[in-house]
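When a residue number appears, it is its place in the shown sequence, counting from 1.
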Amino acid sequence: MKTLIMIAALILVAGCSSQPKSNSTPEAQLPKASPPPGGGTRMYEGAAPTAIEASPSKSAPVVTEKRSCDTPLGTIPDGGKATGWLKPTVPPDEICISDTLTCKDGTWSGQAIYPTCKKEKAK
């Protein structure tokens, strides 16, 4: 009987020594996952799958007030245009040259700053 107990104790001790050490990670003690249905690893043809990027949440659009432009030709609404002249007067042998002022969100562009252009009288 003592021999039988001694053999059982040796089997128990031998079985315990094959267990993972207590300082191993918990993941090492977990059972392995079974392969997906239909076989083992899957091979992708072409490029590897790409990550999905998160898109910003949709919120109410921000409404900004469009600003008009105060120009030498007067006030121009946002997105509007006005025609003016590069010089207020020109000699009789020259022509008056026009240009367009454009307004975009409170900033105007263009070179025409005179509302009228007149030719000087010939001498």
First locate atom CD of Gln111, then atom CG of Leu86, and finally report the distance between them rounded to the nearest 0.5 Å.
6.0 Å
Could you see if Leu101 belongs to whatever hydrophobic cluster contains Tyr114? Use Ile, Leu, Val, Met, Phe, Trp, Tyr and a side-chain cutoff under 4.5 Å.
yes
Qualifying salt bridge (Lys or Arg N to Asp or Glu O under 4.0 Å) pairs with a residue from residues 72-82, counting only residues at least two apart or across chains:
none
The salt bridge (charged side-chain N to carboxylate O under 4.0 Å, His left out) partners of Glu94 (sequence neighbours excluded) come to Lys87
Rounded distance (nearest 0.5 Å) linking atom NZ of Lys104 with atom CD1 of Ile76:
15.0 Å
If the condition is side-chain contact (heavy atoms from CB on, under 4.5 Å), which residues does Pro72 pass it with, not counting sequence neighbours?
Trp108, Ile113
Taking only residues two or more places apart in sequence, or in another chain, which ones meet Ser109 in a side-chain contact (heavy atoms from CB on, under 4.5 Å)?
Thr102
Looking only at non-hydrogen atoms, find the nearest pair between Val90 and Cys96 and report the distance.
CG2-SG, 3.8 Å
Could you list the residues that satisfy salt bridge (charged side-chain N to carboxylate O under 4.0 Å, His left out) with Asp105, not counting sequence neighbours?
Arg67
Which atoms form the tightest heavy-atom contact between Ser68 and Pro77, and what is the distance?
CB-CA, 3.9 Å
What's the shortest heavy-atom distance between Pro92 and Ala122, and which atoms?
CG-CA, 3.9 Å
Looking only at non-hydrogen atoms, find the nearest pair between Gly106 and Cys69 and report the distance.
C-SG, 3.5 Å
For Thr75, give me all partners under side chain to side chain donor-acceptor pair (under 3.5 Å), at least two apart in sequence or on another chain.
Asp70
